[in-house]
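Beneath this line is the structure, given in structure tokens, with notes to follow.
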Amino acid sequence: MDRGEIKAKLMEYAARGQEVPRMDMIKTPEQIAGIREAGRLNKEVLDAVEHKIHVGMTTDEIDQIVYQYTVDHGGIPACLNYEGFPKSVCTSVNDVICHGIPDPHQVLRSGDIVNVDATTIYKGFVGDASRMFMLGNVPSERKNLVGVTKECLRRGMQNARGWVNTLGDIGAAIQSFAHKHGYSVVREFGGHGVGLSMHEDPFVSHVGKRGTGMLLVPGMVITIEPMINQGRPDLYIDSIDNWTVRTEDGKASAQWEHTILITEDEPEILSY
Ligand code: MF3
Ligand code: CO
Ligand code: CO
């Protein structure tokens with residue numbers, strides 16, 4: 001389908017009251033090719049971290065791996081100086097939900113779970129993904145949280161077919177699976193359009209109702225990045241660094257993220 005045909009189809013949906021994406025949320029084939037390359041480099045950055053992460057290492061050393069691998073391969077770490085963020089990657093340990101700042105004094109210990117969230121600019125295009133790492137001997141409750149959160153991402157992706165699903169279907173799938181396991185879902189932060197810059201429209205909530213919200217359309221590029229808490233969903237932002245987001249109850253939180261291309265079938269993962 002060319003852009004003219006897509007536009008006509010979107011106008012039909014809109015006339016029937018369906019919320020639809022703006023045409024600028026639907027990427028061109030050239031843009032998609034560029035984002036795919038950025039997503040591949042971003043994946044390799046996370047692979048480099050996965051290869052080297054170990055108990056006793058500091059989160060600042062993770063930052064150094066991300067910075068070095070990215071620039072050595074022609075990329076730019078998108079987080080560095082983003083709205084004043086001081087490092088190249090987010091490292092969120094245990095009760096940190098997201099936006100943890102790598103720190104030379106923060107040593108990873110056995111039993112820790114850490115999310116490493118990298119965003120890479122390559123030839124002007126952007127890929128964004130994160131993974132959980134489990135260090136040493138992790139208690140089974142934390143392992144379970146990490147596994148359920150990964151499955152939440154998978155179910156979100158399964159419910160993201162172009163011309164079939166809406167944003168509400170993604171949120172509903174994630175929310176119901178998390179709740180079934182006794183976990184809560186963070187609402188204040190979510191996924192987003194991505195590709196030409198780090199954060200684009202639309203906002204992708206990880207809670208929702210089936211059939212509600214914006215229609216997903218082939219060519220959209222979004223992230224899904226559920227943040228799932230072991231305890232309550234409530235959070236606070238560190239008042240000293242103004243970035244670190246923590247659970248209010250101090251219990252653990254996990255997150256996995258992919259950049260995906262909406263297609264007429266299940267989405268293509270661009271951050272593999
Ligand atoms: N990678 C994050 C996301 O998934 C955003 C990073 S915030 C920054 O949206 F400040 F570190 F850049
Ligand atoms: Co991210
Ligand atoms: Co993201």
Side-chain angles (χ1 to χ4, degrees), residues 1-44 74-76 78-79 82-83 118-130 153-174 189-226 257-272:
M1 226 189 275
D2 67 30
R3 292 183 82 77
E5 289 168 318
I6 291 172
K7 194 171 176 183
K9 195 164 168 178
L10 290 181
M11 285 172 72
E12 285 175 29
Y13 274 96
R16 284 184 256 128
Q18 172 65 52
E19 188 184 341
V20 297
R22 301 187 310 264
M23 278 307 288
D24 67 278
M25 294 183 205
I26 297 164
K27 266 67 177 181
T28 67
E30 295 73 26
Q31 290 169 337
I32 290 164
I35 301 165
R36 192 178 280 118
E37 279 194 62
R40 186 175 304 128
L41 177 54
N42 195 65
K43 174 226 181 280
E44 289 173 7
I76 301 168
C79 293
Y82 175 83
E83 292 182 11
T119 310
T120 302
I121 305 169
Y122 184 68
K123 296 183 181 169
F125 297 100
V126 185
D128 183 12
S130 79
L153 170 56
R154 201 185 69 79
R155 287 177 183 233
M157 294 192 295
Q158 265 183 342
N159 285 272
R161 283 173 187 247
W163 301 122
V164 174
N165 292 119
T166 63
L167 284 176
D169 295 337
I170 296 175
I174 292 168
F189 298 90
H192 47 89
V194 67
L196 310 186
S197 61
M198 174 154 55
H199 290 141
E200 303 173 1
D201 289 338
F203 177 74
V204 179
S205 178
H206 302 116
V207 297
K209 284 199 169 73
R210 241 173 210 291
T212 65
M214 185 184 288
L215 181 71
L216 293 166
V217 173
M220 293 174 80
V221 178
I222 61 171
T223 73
I224 302 179
E225 49 183 297
E257 175 178 25
H258 271 311
T259 294
I260 63 172
L261 169 66
I262 303 302
T263 73
E264 298 202 1
D265 208 302
E266 282 194 23
E268 179 189 347
I269 298 174
L270 299 182
S271 45
Y272 263 163

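- With rounding to the nearest 0.5 Å, the separation of CZ in Arg3 from OG1 in Thr28 is 6.5 Å.
- With contacts defined as side-chain heavy-atom distances shorter than 4.5 Å, the pair Glu44/Thr120 does not qualify.
- To the nearest 0.5 Å, the span separating CG on Leu261 from CD1 on Ile35 amounts to 8.0 Å.
- A distance of 10.5 Å separates CG in Leu153 from CD in Gln158, rounded to the nearest 0.5 Å.
- Put simply, the side chain of Val194 does not reach to within 4.5 Å of the side chain of Thr119, judged on heavy atoms.
- Taking CD1 of Ile269 as the start and CE of Met157 as the end, the distance is 3.5 Å to the nearest 0.5 Å.
- The aromatic rings of His258 and Tyr272 sit perpendicular to each other, their planes meeting at more than 60°, with 30° as the lower class boundary.
- Between the side chain of Ser271 and the backbone N or O of Thr259 there is at least one donor-acceptor pair closer than 3.5 Å.
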Enumerate, atom names and distances included, each donor-acceptor pair closer than 3.5 Å involving a side-chain atom of residues 208-216, sequence neighbours excluded.
residue: Arg210; atom: NH1; partner: Asp169; partner atom: OD1; Å: 3.4
residue: Arg210; atom: NH2; partner: Asn159; partner atom: OD1; Å: 2.6
residue: Thr212; atom: OG1; partner: Lys209; partner atom: O; Å: 2.6

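- Atom CE of Met11 has 12 or fewer heavy atoms from other residues, nucleotides or ligands within 6.0 Å.
- Residues Gly4 and Asp2 approach most closely at N-OD1, 3.0 Å, considering heavy atoms.
- Shown here for Met1 and Trp163, the closest heavy-atom pair between the two residues is CE-NE1, 4.0 Å.
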**OP:** Test side chain to side chain contact (heavy atoms under 4.5 Å, CB included) on Met23 and Leu10 and set out the steps.
**Re:** CA-CA 9 Å; Met23 278 307 288; Leu10 290 181; 3.9 Å; yes
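- Counting only distance, with no hydrogens or angles, the side chain of Glu37 and the backbone of Gly34 share no donor-acceptor pair below 3.5 Å.
- Sorted by first and then second residue, the side chain to side chain donor-acceptor pair (under 3.5 Å) pairs involving residues 190-203 (not counting sequence neighbours) are Arg22-Asp201, Lys27-Glu200, Tyr82-His199, Asp128-His192, His192-Thr223, His192-Glu225.
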Subject >> Verdict with reasoning, Ile174 to Ile224, per side chain to side chain contact (heavy atoms under 4.5 Å, CB included) >> reply: CA-CA 10 Å; Ile174 292 168; Ile224 302 179; 3.8 Å; yes
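- In plain terms, the two heavy atoms of Ala160 and Ile260 that are nearest each other are CB-CD1, 4.3 Å.
- Of all heavy-atom pairs between Ile222 and Pro202, the closest is CG2-CD, 4.2 Å.
- Across all non-hydrogen atoms, the minimal contact from Pro21 to Ile26 is CG-CD1, 4.3 Å.
- Interatomic distance, CD1 of Ile170 versus CZ of Arg155, reported as 15.0 Å (0.5 Å rounding).
- For the atom pair Lys9 NZ and Glu5 CD, the distance stands at 10.0 Å (nearest 0.5 Å).
- Distance alone, capped at 3.5 Å, is enough to place a donor-acceptor pair between the Asn165 side chain and the Arg161 backbone.
- Ile121 pairs by the side-chain contact (heavy atoms from CB on, under 4.5 Å) definition with Ile76, Ala78, Val126, not counting sequence neighbours.
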